[in-house]
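Below is one structure, written out as C-alpha cells, with a few remarks after it.
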Amino acid sequence: RVATVPASVTPAAPAAAGKLGITVEPLSPEMVKQLGLSAERGVRVAEVVQDGASAEKLEAGSDILLEVLFPTPKRTIKSVNDLQTVVSNLKAGDYVSFLVMSLRAGGATRVVNLRVGG
C-alpha cells in the first residue's frame with residue numbers, strides 16, 4: 001500500500017509509508033491548471049521516508065507520479081487509488097517504474113525505477 005494524504009489535510013508526521021516509502025496526495029485543481037495537466041493525471045509525492053525504497057530517487061513536494069511504465073501494461077495514474085491498486089499487487093523484491101514530472105526541473109520528466117522493500 002501507499003500512504004495517502006487527503007488534499008485538504010497536512011499531517012504533522014507521516015503515516016505508514018507503505019511498500020515504496022512514500023506518501024502521496026491528489027493534485028490540487030490549482031496545481032493541475034498551473035502545470036497544464038489533464039485533471040485526471042498524476043499524484044504528488046508529499047513525503048519520502050529517509051530509508052525507504054524511494055529515498056534517493058523521489059523528492060517530496062517536487063515530484064509528480066504520472067504513469068506506471070512497469071509492470072506492464074503501461075497505465076496513467078489518475079488518482080491515489082490507481083497507484084494503490086498497482087502497488088497492492090507488488091511483493092518485496094519486485095520492481096516498478098514510473099514516469100515522473102519534476103517541478104524543480106521545470107516540469108521535465110524522467111523514468112524512476114524502484115525496488116519494493118529496498
Side-chain angles (χ1 to χ4, degrees):
R1 295 193 60 198
V2 175
T4 62
V5 176
S8 62
V9 178
T10 303
K19 294 179 180 180
L20 298 179
I22 59 175
T23 302
V24 299
E25 62 188 5
L27 296 176
S28 69
E30 296 82 22
M31 186 173 282
V32 168
K33 184 177 179 180
Q34 178 185 14
L35 297 172
L37 292 173
S38 160
E40 295 185 5
R41 187 170 188 216
V43 293
R44 184 171 156 245
V45 177
E47 297 184 55
V48 178
V49 175
Q50 287 185 345
D51 59 351
S54 304
E56 296 180 12
K57 298 190 178 193
L58 294 173
E59 184 174 339
S62 176
D63 286 339
I64 298 172
L65 306 180
L66 298 173
E67 297 177 3
V68 175
L69 303 174
F70 181 85
T72 56
K74 179 174 124 176
R75 295 168 288 264
T76 299
I77 300 171
K78 297 180 180 179
S79 67
V80 172
N81 197 35
D82 286 347
L83 181 59
Q84 287 180 325
T85 298
V86 169
V87 172
S88 70
N89 293 317
L90 299 173
K91 301 179 296 282
D94 285 351
Y95 286 88
V96 62
S97 296
F98 295 104
L99 179 63
V100 178
M101 174 188 282
S102 173
L103 301 179
R104 266 184 100 175
T109 58
R110 70 186 191 282
V111 174
V112 173
N113 301 303
L114 300 173
R115 184 169 179 258
V116 177

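Looking only at side-chain heavy atoms (C-beta outward), L20 and V116 come within less than 4.5 Å of each other. Residues I77 and V86 are not in side-chain contact: their nearest non-hydrogen atoms beyond the backbone lie 4.5 Å or more apart. In this structure, the side chains of V112 and D63 stay at 4.5 Å or more apart for every pair of heavy atoms. Put simply, the side chain of K57 does not reach to within 4.5 Å of the side chain of V100, judged on heavy atoms.
Here the CZ-CG distance, from R41 to L35, works out to 11.0 Å after rounding to the nearest 0.5 Å. If you take CD1 on I64 and CE on M101, they are separated by 6.0 Å, rounding to the nearest 0.5 Å. Rounding to the nearest 0.5 Å gives a distance of 8.5 Å between CG of L27 and CG of L66. Here S54 contributes atom OG and R115 contributes atom CZ; the two are 13.0 Å apart, rounded to the nearest 0.5 Å.
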I would like to know whether D82 and V43 meet side-chain contact (heavy atoms from CB on, under 4.5 Å); could you show each step before the answer? CA-CA 10 Å; D82 286 347; V43 293; over 6 Å; no

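F98 and L83 get closest at one heavy-atom pair: CE2-CD1, 3.5 Å. When all heavy atoms are compared, the tightest approach of T72 to L69 is CG2-O, 3.9 Å. Heavy atoms only, all atoms of each residue included: G61 and R44 are closest at CA-NH2, 3.3 Å.
Each of K74, R75, R110, K78 was checked for a salt bridge (charged side-chain N to carboxylate O under 4.0 Å, His left out) with E67, and the lone residue meeting it is K74.
The stretch residues 90-101 participates, sequence neighbours left out, in these side chain to side chain donor-acceptor pair (under 3.5 Å) pairs: S97-N113.
Under a 3.5 Å cut-off, the side chain of S102 and the backbone N or O of A108 do not form any donor-acceptor pair.
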